[in-house]
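Data first, discussion second: the structure below is written as structure tokens.
Order of the sequence lines fixes the chain letters, A, B, ..., with proteins taken first and strands second; residue numbering starts at 1 for each chain.
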Number of protein chains: 2
Amino acid sequence: MSEKRSLSALPSNGKAISISAVAEQAGVSIATVSRVINASKPVSADTRERVEAAVAALGYRANAFARSLTRGESRLLLVLVPDFANPFYSETVKGVASVVRRHGYNIVLAGAPDAQAPDQGAPDALYSRLVDGVISLASFHDLQPAMGDMPDVPWVACSEFVEDSGMPHASIDHGQAALDAVQYLINRGHRRIALLGADESYLWARQRHAGYEAALKRAGIPLDAHLVRIARGTDYGLGMEAAGALLALESPPSAVFAVSDTLAIGAIKAFRRAGRRVPNDIAVVGFDNIPLAQVFEPALTTIAQPMFELGAAAASLLLERLAGGHPRSLTLQHALVVRESA
Amino acid sequence: MSEKRSLSALPSNGKAISISAVAEQAGVSIATVSRVINASKPVSADTRERVEAAVAALGYRANAFARSLTRGESRLLLVLVPDFANPFYSETVKGVASVVRRHGYNIVLAGAPDAQAPDQGAPDALYSRLVDGVISLASFHDLQPAMGDMPDVPWVACSEFVEDSGMPHASIDHGQAALDAVQYLINRGHRRIALLGADESYLWARQRHAGYEAALKRAGIPLDAHLVRIARGTDYGLGMEAAGALLALESPPSAVFAVSDTLAIGAIKAFRRAGRRVPNDIAVVGFDNIPLAQVFEPALTTIAQPMFELGAAAASLLLERLAGGHPRSLTLQHALVVRESA
DNA sequence: CTGAAAGCGCTTACAG
DNA sequence: CTGAAAGCGCTTACAG
């Protein structure tokens, strides 16, 4: 038993070793090997030992394709994420990964098809029934063209979903959260409050926008279209741009509600470049509470989303469905975190 | 042809449709269906049309497992990433995704096994020969226990690798980059320069540490162990902690070289909390040039790594190997970007 | 408890 | 150009 041999799952011929090799080595049938490695049926202690020894000696691992083909499941879950660069998504994916892993599943990550790169089409993994289920953080607007002939795979939406569609999802109440944020600004005496929105193909962007308007209306503050800037995405740079436009207004806002922390940070950057102090000259409230929010200066006043828990909840919901449970949705709690920026 | 039917890849019985259903519908053998969907052999125009019509009508997609089982490849690549939260990794993964997708591959993302959670073991996907290859950003130290009986899958390391091992990798020259950073500080007149290091199970952390020492030595500045703080990771919080310790020194540094931007940002936060001005009281140089580096205030002076290109290069290297090419490594260029923090 | 055999859904020589 | 059949590596009734 050379060191080399025990270090490799491959026999000298270079071919991966299969169940029949194990069976041969142990002097049993492949059915028996299957039974011991899966503990699916009783096997005599003696036989089991022989098989286990052979498995160990050969370094055998069941072939994932053959197994999935016969079992009809892959234990692979697709996670659709629109933008790796926004920490909101990475934190959420962490939550997904944490629960999914505990149940023996792996994650296939795919950037969501995106208006910017429409040629991508929907991820092939989806069509080819590679995955047992999907968790999507993507805009269904972007997914729409692809959804037509989507195979019937269990699906749960996370944070972003389709309203009144019965689509199972884990999310906060985006509208209420936005309302809370803007109400806070109103309570602090602001009346000229701008909205720094994001791509409204996202429901969360539309709902936060609606929450902004609802807060203003409730306070009897007339809406002013000039105070609404919708960015194409959530990059810092887009936040800077939009903030610049706000500053150029005849009568600029005294506060801005940004629908994402990254946008808020970009805006603050632009304000400071223009010589404005935050929050003294202009207050900024963000959304998400990414890790950076408390490190950035000024530290962000923001709506905290339970990012990790959102991902974990979506994963649990999907796992439930996979186990035969009924589709279910979960609304998690948000919270306003007051720090320095407003 | 009901709307419902055309929207689903499933026939009314709920079972996914297979190649034999298509063959039946088109009145040909499954071999012929296979030939037209793969364009693997000439098929008469007439037959092809019938098959294509059947495929379209049924919404047929080849089963990924059966295909992988017979073809012996999955077109799935594993990407091992240590920490989703560090933007360096997300940017790099973007680069990987961009080239990989163009070649018809999908990515399976796995958090690398990690000292913090040793129970995870190595990703199962690896063992079960699910993936055709792997791109690792993880520490091989952490992977070590798992690497023993790793199947013989093509492997390329990205940024983090094993020195003098012949392991194919895409990386910058970490040592030289660190030397450049520290030399810059020396040129600006600093002599008490601290190192804010990271988990030294990473080669990049060790090499940047070595570059720091080399620069000091070359300038005839004696090393001072008190000025070296090694953080367990790269979270903002760890940077703050380490910086706090530096401040508590009898004679604190006038400059610090942090081996990651996130650490640098955490350090700056701590310095400012303690009432220090950056760079006036203490200069800080970071490493990576994450998107935030130019937005943070003060904007970070840092070593720019071509993150996207690093990922793309690693992907290309892996694709080359998969296509039968020889293992190859690539060293990409770094650059010192001078902004405000030093 | 154990084995021979069918079957999962493909691809690919082998004949014709 | 086309089809019947073998084979990829498993799991799981069906017998014994």
Side-chain angles (χ1 to χ4, degrees), chain A residues 9-11 13-52 54-55 58-75 124 127-130 132 151, chain B residues 9-11 13-52 54-55 58-75 124 127-130 132 151:
Chain A
L10 306 177
N13 64 26
K15 270 199 58 193
I17 76 109
S18 72
I19 197 173
S20 46
V22 177
E24 189 174 351
Q25 164 114 359
V28 298
S29 73
I30 61 168
T32 297
V33 175
S34 174
R35 281 165 196 139
V36 352
I37 63 180
N38 294 309
S40 51
K41 288 232 171 162
V43 169
S44 78
D46 172 56
T47 323
R48 182 190 359 268
E49 272 166 30
R50 285 215 312 289
V51 171
E52 280 165 352
V55 166
L58 264 21
Y60 170 71
R61 292 272 170 170
N63 176 300
F65 306 117
R67 178 169 269 179
S68 294
L69 183 56
T70 59
R71 292 226 261 241
E73 65 160 25
S74 61
R75 303 219 139 224
D124 209 55
Y127 286 129
S128 52
R129 285 164 276 150
L130 213 213
D132 292 344
Chain B
L10 306 177
N13 62 25
K15 270 199 55 192
I17 76 110
S18 73
I19 196 172
S20 45
V22 176
E24 190 174 350
Q25 164 115 358
V28 298
S29 73
I30 61 168
T32 297
V33 175
S34 175
R35 280 165 197 140
V36 354
I37 65 179
N38 295 308
S40 51
K41 287 233 171 162
V43 169
S44 77
D46 172 55
T47 323
R48 182 187 2 263
E49 272 166 30
R50 285 215 313 289
V51 172
E52 281 165 352
V55 166
L58 265 19
Y60 169 71
R61 292 272 170 172
N63 177 300
F65 306 117
R67 179 169 270 178
S68 294
L69 184 56
T70 59
R71 294 227 261 241
E73 65 159 26
S74 62
R75 302 220 138 224
D124 208 56
Y127 286 130
S128 53
R129 286 165 275 151
L130 214 213
D132 292 343

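One can place CZ of B:F65 at 19 Å from C1' of D:dG7, the figure rounded to the nearest angstrom. Taking atom CG of A:D46 as the reference point, atom P of C:dC1 lies 13 Å away to the nearest angstrom. Atom CD of B:E73 and atom P of D:dC8 are 17 Å apart (whole Å). The distance from atom CZ of A:R75 to atom P of D:dT11 is 13 Å, rounded to the nearest whole Å. Between the CG atom of A:L69 and the P atom of D:dT11 there is a distance of 11 Å, rounded to whole Å. Between the CZ atom of B:R48 and the P atom of D:dC1 there is a distance of 9 Å, rounded to whole Å. As rounded to whole Å, 7 Å separates atom P of C:dG9 from atom CG of B:N63. Atoms CD1 (B:I19) and P (D:dT2) sit 15 Å apart, rounded to a whole Å.
Side-chain N/O atoms of A:T70 include none lying less than 4.0 angstrom from OP1 or OP2 on D:dT11. Not one side-chain nitrogen or oxygen of B:S29 sits closer than 4.0 Å to the OP1 or OP2 atom of D:dA4. Contact between the side-chain N/O atoms of B:R35 and the OP1/OP2 oxygens of C:dT11 is not found at any separation under 4.0 Å. Proximity of A:S34 to the phosphate of D:dT11: a side-chain N or O atom is located under 4.0 Å from OP1 or OP2. For the pair A:S68 and D:dC10, the criterion of a side-chain N or O lying under 4.0 Å from OP1 or OP2 is not met. For the OP1/OP2 pair of D:dT11 and a distance below 4.0 Å, the side-chain nitrogens and oxygens of A:R67 include at least one atom meeting the criterion. Look at A:N38 and you'll find a side-chain N or O under 4.0 angstrom from OP1 or OP2 of D:dT11. A sub-4.0 Å separation between OP1 or OP2 of D:dT2 and a side-chain N or O of B:S44 is present. Side-chain nitrogen and oxygen atoms of A:S40 include none within less than 4.0 Å of the OP1 or OP2 phosphate oxygen of D:dT12.
With DNA chain D read from its 5' end, the first of the two nearest nucleotides for B:I30 and B:A66 is the one closest to B:I30.
You won't find any donor-acceptor pair under 3.5 Å spanning the side chain of B:R61 and the base of C:dG9, going by distance alone.
Smallest separation of non-hydrogen atoms from B:V22 and B:L58: CA-CD2, 3.9 Å. The two residues A:T47 and A:T32 come nearest to each other via the heavy atoms CG2-CG2, 3.8 Å. In terms of heavy atoms, A:S74 sits closest to A:D132 at N-OD1, 2.9 Å.
With a cut-off of 3.5 Å on both pairing distances, the Watson-Crick or G-U wobble partner of C:dC14 is D:dG3.
Candidate nucleotides C:dT11, D:dG3, D:dT2 were compared by shortest atom distance to the side chain of B:T47, and D:dT2 ranks first. Across C:dT2, D:dA4, C:dC10, the shortest atom-to-atom separation from the side chain of B:Y60 is found for C:dC10.
In this structure a side-chain-to-backbone donor-acceptor pair under 3.5 Å is missing from A:S68 to A:F65. A distance-only check finds a donor-acceptor pair linking the side chain of B:T70 to the backbone of B:A66 [under 3.5 Å].
With contacts defined as side-chain heavy-atom distances shorter than 4.5 Å, the pair B:Q25/B:I17 does not qualify.
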